[in-house]
Amino acid sequence: MTSITTTPGTNRYYVTTPIYYVNGAPHIGHAYTSVAADVLARFNRLDGKDVFFLTGTDEHGQKVEQAAQNAGVETQAFTDGIASDFRDMADAMDISYDDFIRTTEPRHKKAAQALWEAVSANGHIYLGAYEGWYALRDECFYSEDELTTRPDGSRIAPSGAPVEWVREPSYFFRLSAFQDRLLALYEQHPEFLGPSGRRNEIVSFVRQGLKDLSISRTSFRWGIPVPNDPDHVMYVWFDALTNYLSALGYPDPGAERMAFWPASAHIVGKDIIRFHAVFWPAFLMAAGIALPEAVYANGWWTIEGEKMSKSVGNVVDPRDLVATYGLDPVRFFLLREVPFGGDSDLNRRSLVNRLNVELANDLGNLAQRTLSLIARNCEGILPAFGTLSDDDRALLAGASLLPELLRGQMKRFALTDGLEEVWKVIRACNAYIDRQAPWALKKTDIVRMASVLRVLHEALRHIATTLQPFMPGTMAKLLTQLGVAEEKRDFAALSETLEEGIVLPAPQGLFPRHVLPEDAS
RNA sequence: GGCGGCGUAGCUCAGCGGUAGAGCAGGGGAAUCAUAAUCCCUUGGUCGGCGGUUCAAAUCCGUCCGCCGCUACCA
């Protein structure tokens, strides 16, 4: 049995997205969580860490079985189709995952069964009966508050189907035994769970008492068989959560990837925080496996002020947004618009406004004006630093602080605040260029002009390097325009000075402006 | 019902005991290297209402009003 403490940091970083449930097509919410996790993965790679980044799909359960039946397709073929759509979405969003786990893969089944056996061997699983209101017609259980009572006292499901109280044999996990240890975990490791509002909710949930958890079903077949009792399949969460281990090669003791355990961060949507912050650590404690270092929940997106739902018909496919606005602008917007952890609204006006003001005007135009001044006045050759003024030094100091600043923000999952820090430097560059007016120095002091441009170039190199995790494609272009070699783009390379005299390619625009149809004319 | 959060400039929010802040939007000016982009200045708020503690309260306490979240087997 392990202690509840998490292991100290190493040079490895293991970050995960949830595995997405394949009962529907990927939407902007999935993309959001994945982009956030991707930023963390990319940031840590640039920071010299050995990173493993996992995403994938959750493919078991009665709903999937039914969805496949409704579609008239064999269940595995059905999940194959949706899983590949999720993979396509991840690729379209430039998610730099190292592995894509599917819960229908043999390696996962083996891992889930091994985890079950480990928990069982420690005495935390017992056979009991799951009781509840069951609708034969719908073939599923309903909770008390979902039901309506008719005048004659009988109850009906939301679907209108009659329900009856039934008992189904089920294996239970002794969740109740872990209440104190979970509370100790939250208290001793406040960084385990965030944002803080969510942590408080989970703490009060656990405090009010935990019941044992039903972790198997006999009412459907589409799942992983329980070891030594094939009448049962594992109930979804025991199966699904194990993915974080199965992709590492668990339970093979010689699996190289197991060195990445425990996970550094599980990024999840706020709807599944409980499963990650309560059930998952309890399962791991029960199996004697070290706990992940952090679980962090992101919020929901509304669309033009409305809740996203299939019935409203406003579900946004991130690939459509990318087709209209470009990949990096969309990635930027998702992480920039609202403090990471909170809810936010996706609407065209604020999207276009952010892209125009912050990307096109603030950053794109800064790069363009700086690089074209160098192209035109320095023959496209990177100038040398002259004697640095206080103004020069202040700007460079701000820029060189960025990696360290962002490191702190990323650790706290403050992705939005991280971007704000970079933008402070970008705004400072625009103020600096106006103050120094290199276009005027051109006529009075050509040496000073060259030095000013070099200071701006150096600030831009820091900005572009730090922004790579957020906008990998566009920042790669910018770094190329700045003459930074591909192997000199990590944080360590920032402390080296670029050689003057290198030839810079011709500058090209990075971010096009957008005009809303109603604003045209 | 219980527990918790929020309510600050037109908008999105930061501040959380010591003379009200940022970004965007609005107004004025400068500049013209640049994607007509940029820079500077500026209008604007009895910090949800009412009481209390304090020399001093967005900031602490109480209460009221209005939103929102959680309150287990939903993927």
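Per chain, numbering begins at 1; letters A, B, ... match sequence-line order.
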Flag side-chain contact, heavy atom, 4.5 Å: L510(A) against Q368(A): no
Between F173(A) and F279(A) (judged by ring centroids, cut-off 6.0 Å), do the two rings come close enough to count as a pair? no
Do H30(A) and F86(A) have ring centres separated by under 6.0 Å?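 Judged by ring-centre distance (under 6.0 Å), H30(A) and F86(A) do meet the cut-off.
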Between R217(A) and Y130(A), is NZ or CZ placed under 6.0 angstrom from the six-membered ring centre and within 45° of the ring axis? yes
Nearest whole Å is fine: how far is G69(B) P from D343(A) CG? 8 Å
Just how far, in rounded Å, is P of C11(B) from CZ of R348(A)? 21 Å
Among [options], which is the nearest nucleotide to the side chain of [X]?
X	options	answer
E201(A)	A37(B), C70(B), A72(B)	C70(B)
K63(A)	C74(B), G23(B), A72(B)	C74(B)
S214(A)	C73(B), A34(B), C40(B)	C73(B)
V357(A)	C39(B), A25(B), U35(B)	A25(B)
F275(A)	C74(B), G23(B), C3(B)	C74(B)
W439(A)	C24(B), A34(B), U32(B)	U32(B)
N353(A)	A72(B), G23(B), C24(B)	C24(B)
R427(A)	G23(B), C40(B), A37(B)	G23(B)
Q368(A)	U35(B), A72(B), C73(B)	U35(B)

Would you say the base of A37(B) and the side-chain of N361(A) have a donor-acceptor pair closer than 3.5 Å? no
Base of A58(B) relative to its sugar, syn (within 90° of 0) or anti? syn
Residue met sooner reading RNA chain B from 5', once L175(A) and L241(A) are mapped to nucleotides: L175(A)
Could you check L213(A) against R198(A) and say which one's nearest nucleotide on RNA chain B is further toward the 5' end? R198(A)
Intra- and inter-strand pairing of RNA chain B, written as dot-bracket with Watson-Crick and G-U pairs under 3.5 Å and | for the latter, reads ((((((((.[[[[.)..(..]]]].(((((.......))))).....[[[[[..)....]]]]])))))))....
As a test of understanding, state which of N243(A), T17(A), T33(A) forms a side chain to side chain donor-acceptor pair (under 3.5 Å) with T55(A). T17(A)
When you check the side-chain N and O atoms of H108(A) and T103(A), is any donor under 3.5 Å from an acceptor?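 Short answer, no.
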Would you kindly say whether T218(A) and E168(A) are connected by a side-chain donor-acceptor distance under 3.5 Å?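 Distance-only check passes for T218(A) and E168(A).
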Between R435(A) and C39(B), does any side-chain N or O lie under 4.0 Å from OP1 or OP2? no
Using a cut-off of less than 4.0 Å, is there contact between a side-chain N or O of Y235(A) and OP1 or OP2 of C74(B)? yes
